[in-house]
Amino acid sequence: MKPWIHLDSAQMPDDGGELRLMRRDTEFSIMAGPIELMNSRLSGSEEALATLAWERLSGRAAPRVLIGGLGMGFTLRAALAVLPGDARVTVAELVPAVVAWARGPLAGVFSGCLDDPRVTIREGDVGPLIGARQAAWDAILLDVDNGPEGLTRRANDALYDLAGLARTRAALTRGGVLAVWSSAPDEGFTRRMRRSGLLTEVLRVPARKGGRGARHVIWIGTNGGR
């Protein structure tokens with residue numbers, strides 16, 4: 001087997017450690033220390049984050065979607081594939097180098113989706129975008145870490161505590177959806193989702209397309225109104 005090649009590194013804010021972009025033949029990986037955060041061959045659950053959320057939005061017109069975390073663009077591409085032409089999708093990415101990788105070594109993986117006229121890229125934390133306005137988003141899709149525990153950046157915990165979930169619920173339209181990706185279950189987060197007033201589903205989805213192998217977790221929380 002051919003060895004991995006280290007293409008680039010990027011420092012995360014707030015002493016959050018280093019991200020490394022790796023390549024082996026046509027396969028790419030983004031690592032944080034010894035932990036693989038994403039791999040170009042494992043896109044099933046990230047795509048499901050978008051498609052499962054849209055299934056619960058009843059095909060509403062001109063949806064406004066906020067995606068926290070650009071990653072390798074799997075969630076963004078899946079969202080663009082199902083959303084209508086009048087949708088508006090904002091992607092918040094904390095690490096500028098990840099956006100640069102999307103337009104550079106990962107351009108083949110992204111397949112031009114950053115140039116879709118429905119897409120706006122915002123370099124920065126997704127938290128302020130969530131808290132900026134009430135009823136601003138029809139869907140908020142979060143894949144900013146390895147799950148609700150702040151593995152790569154402790155500041156991410158503020159998205160997943162009760163106060164953070166309350167802010168997110170306030171940012172959703174009536175019937176809007178919060179979808180959260182995780183590599184593993186988290187019963188504490190499930191309880192917080194339900195306590196926040198979101199109608200909560202916990203789904204186990206294949207990491208790979210086709211359904212074989214490891215499974216990841218997606219929480220879907222629907223805002224039933226106030």
Side-chain angles (χ1 to χ4, degrees), residues 10-17 19 37 46 49-50 52-54 56-57 60 62-71 73 75-76 79-80 83 87-99 114 118-182 186 188-202 217-226:
Q11 189 67 34
M12 288 181 287
D14 305 324
D15 297 320
L19 296 180
L37 299 179
E46 288 88 349
L49 188 67
L52 291 170
W54 179 241
R56 287 152 178 79
L57 284 173
R60 63 179 65 187
R64 294 161 292 171
V65 177
L66 174 62
I67 298 176
L70 177 61
T75 298
L76 174 59
L80 294 175
L83 289 171
R88 293 293 177 267
V89 182
T90 299
V91 182
E93 173 51 55
L94 184 67
V95 183
V98 173
V99 181
L114 297 189
R118 294 172 290 177
V119 175
T120 299
I121 302 294
R122 297 282 295 272
E123 293 185 3
D125 194 337
V126 70
L129 291 176
I130 292 174
R133 289 189 298 124
Q134 294 192 359
W137 307 101
D138 297 295
I140 297 173
L141 315 179
L142 295 181
D143 182 8
V144 299
D145 213 315
N146 228 32
E149 296 295 330
L151 173 69
T152 62
R153 185 172 182 257
R154 288 298 168 190
N156 289 337
D157 289 344
L159 295 171
Y160 304 119
D161 61 18
L162 272 174
L165 289 169
R167 286 190 295 272
T168 298
R169 186 179 176 216
L172 290 169
T173 57
R174 182 176 177 85
V177 169
L178 167 67
V180 178
W181 182 94
S182 178
D186 187 325
F189 182 64
T190 301
R191 290 191 293 270
R192 292 196 299 276
M193 285 270 290
R194 289 174 174 152
R195 286 178 62 192
S196 76
L198 294 165
L199 305 176
T200 302
E201 305 169 70
V202 185
V217 179
I218 292 176
W219 288 270
I220 301 286
T222 302
N223 180 24
R226 298 169 180 80

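Keep in mind it's a predicted model, so treat the numbers as computed, not measured. FYI, side chains are in, hydrogens and waters are out, and symmetry mates aren't considered; it's all heavy atoms of this structure.
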Pairwise distance CG(Leu178) to CD1(Ile140) - rounded to 0.5 angstrom: 6.5 Å
Heavy-atom pair with the smallest gap, counting every atom of Thr90 and Trp137: OG1-CH2, 3.7 Å
CD1 on Ile130 to OG1 on Thr168, rounded to 0.5 Å: 4.0 Å
Backbone of Gly69 reached by a side-chain donor or acceptor of Glu93 within 3.5 Å: no
Any residue meeting side chain to side chain contact (heavy atoms under 4.5 Å, CB included) with Gln11, in chain and number order, not counting sequence neighbours: Glu18
Check: Thr200 side chain, Leu198 main-chain N or O, donor-acceptor pair, under 3.5 Å: yes
Min side-chain heavy-atom separation Leu129-Arg122 under 4.5 Å: yes
Point-to-point distance, once rounded to the nearest 0.5 Å, from CG of Leu37 to CG of Leu19: 6.5 Å
Straight-line distance of Leu49 CG to Trp219 CH2, nearest 0.5 Å: 11.5 Å
Closest heavy-atom pair and its distance - Val98, Leu70: O-CD2, 4.2 Å
Nearest heavy-atom neighbours spanning Val177 and Ala53: CG1-CB, 4.0 Å
Val202/Val217 under side chain to side chain contact (heavy atoms under 4.5 Å, CB included): CA gap, chis, key distance, verdict: CA-CA 7 Å; Val202 185; Val217 179; 3.8 Å; yes
All side chain to side chain contact (heavy atoms under 4.5 Å, CB included) counterparts of Ala97, not counting sequence neighbours: Ala10, Val95, Trp101
Donor-acceptor pair, side chain of Arg118 and main chain of Leu83, under 3.5 angstrom: yes
Tyr160 versus Pro148, closest heavy-atom pair with distance: CD1-O, 3.0 Å
Approximate separation, where rounding is to 0.5 Å, of Met193 CE and Arg169 CZ: 11.5 Å
Residues which pass side chain to side chain donor-acceptor pair (under 3.5 Å) with Arg60, listed by chain and number, not counting sequence neighbours: Asp138, Thr173
Minimum heavy-atom distance Ile220-Ala179, with the two atoms named: CD1-CB, 3.7 Å
Flag, side chain of Arg56 to backbone of Leu52, donor-acceptor distance under 3.5 Å: yes
Smallest separation among heavy atoms of Thr222 and Gly175, with atom names: CG2-O, 3.9 Å
Steps toward side chain to side chain contact (heavy atoms under 4.5 Å, CB included) verdict (Ile121, Val119): CA-CA 7 Å; Ile121 302 294; Val119 175; 3.9 Å; yes
Trace of the side chain to side chain contact (heavy atoms under 4.5 Å, CB included) decision for Leu114 with Leu76: CA-CA 9 Å; Leu114 297 189; Leu76 174 59; 3.8 Å; yes
Residues, nucleotides or ligands: over 12 heavy atoms within 6.0 Å of Arg88 CZ: yes
Reported CZ-to-CG distance for the pair Arg192 and Leu162, which is rounded to 0.5 angstrom: 7.0 Å
